[in-house]
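Only this structure's heavy atoms are used, side chains among them; waters, hydrogens and symmetry mates stay out. Throughout, numbering of the chain's residues begins at 1 and tracks the sequence. In each ligand, atom 1 is the first atom listed, and ligand 1 is the first ligand listed.
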Amino acid sequence: MTGVLVLNGPNLGRLGSREPDVYGAMDHAALTTTILGWADELGLEAQVRQSDDETELVHWLHEAVDARLDVVLNPAAFTHYSYALRDAAAQVTTSGLRLVEVHLTNPATRERFRHTSVIGGVATGTIAGFGFDSYRLALNALRP
Ligand code: DQA
């Protein structure tokens, strides 16, 4: 089976209680279960991880390169300013792997600071605004 790392950045572990009007009522455990079900249907072996820690996310991207795994990345707030995450994401795509940037919401319709993604320029593609379905669309793009 083709492996995929699904990485979620800061505050996504608070889904369900965090601004439910913006991010929905389902928690990160429900997101994980949903993603694993979709991955299975698509013939992908997914691992879902969440961290509030930039260093840990950078190291997981290094791991994806070394293990030759495509990546679905929701960088959360790091989207807008983390050059460390951008440089790590660039290592994924320049090594011939694919990295899909995903967002639950559509940052382009929100506050101005969210309109910039420092990740988008090194991602294979970006999917935003479809809630949990953003991840299904990303996995679909990575199906074998
Ligand atoms: C987000 C959008 C970001 O602007 C925000 O900081 C998040 C979540 C999304 O999935 O919509 O934490 O990445």
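The protein non-hydrogen atom at the shortest distance from atom 11 (O) of ligand 1 is Thr105 OG1, 2.6 Å. The closest protein non-hydrogen atom to atom 6 (O) of ligand 1 is Arg114 NH1, 3.0 Å.
Asn140 and Arg143 form a side-chain donor-acceptor contact under 3.5 Å, judged by distance and modelled atom types alone. Remark: the Thr93 side chain and the Arg98 side chain contain no N/O donor-acceptor pair separated by less than 3.5 Å.
Of the N or O atoms in Thr79, none lie within a sub-3.5 Å distance of an N or O in ligand 1. An N or O contact shorter than 3.5 Å links Ala77 to ligand 1 by distance. Note: no N/O pair closer than 3.5 Å links Arg110 and ligand 1 by distance alone. Note: an N/O pair closer than 3.5 Å links Leu104 and ligand 1 by distance alone.
Checking side-chain atoms of Asp52 against main-chain N and O of Asn11 turns up a donor-acceptor pair under 3.5 Å. With Gln50 contributing its side chain and Gly9 its backbone, the two residues share a donor-acceptor pair below 3.5 Å.
Under a 4.0 angstrom heavy-atom cut-off, Asn74 registers as being in contact with ligand 1.
Remark: among candidates Arg18, His80, His103, the nearest residue to atom 12 (O) of ligand 1 is Arg18, based on non-hydrogen atoms.
Using a cut-off of 4.0 Å between Lys/Arg side-chain N and Asp/Glu carboxylate O, Arg86 and Glu101 are scored as not salt-bridged.
Counting heavy atoms of neighbouring residues, nucleotides and ligands inside a 6.0 Å radius, atom CZ of Arg18 exceeds 12 of them.
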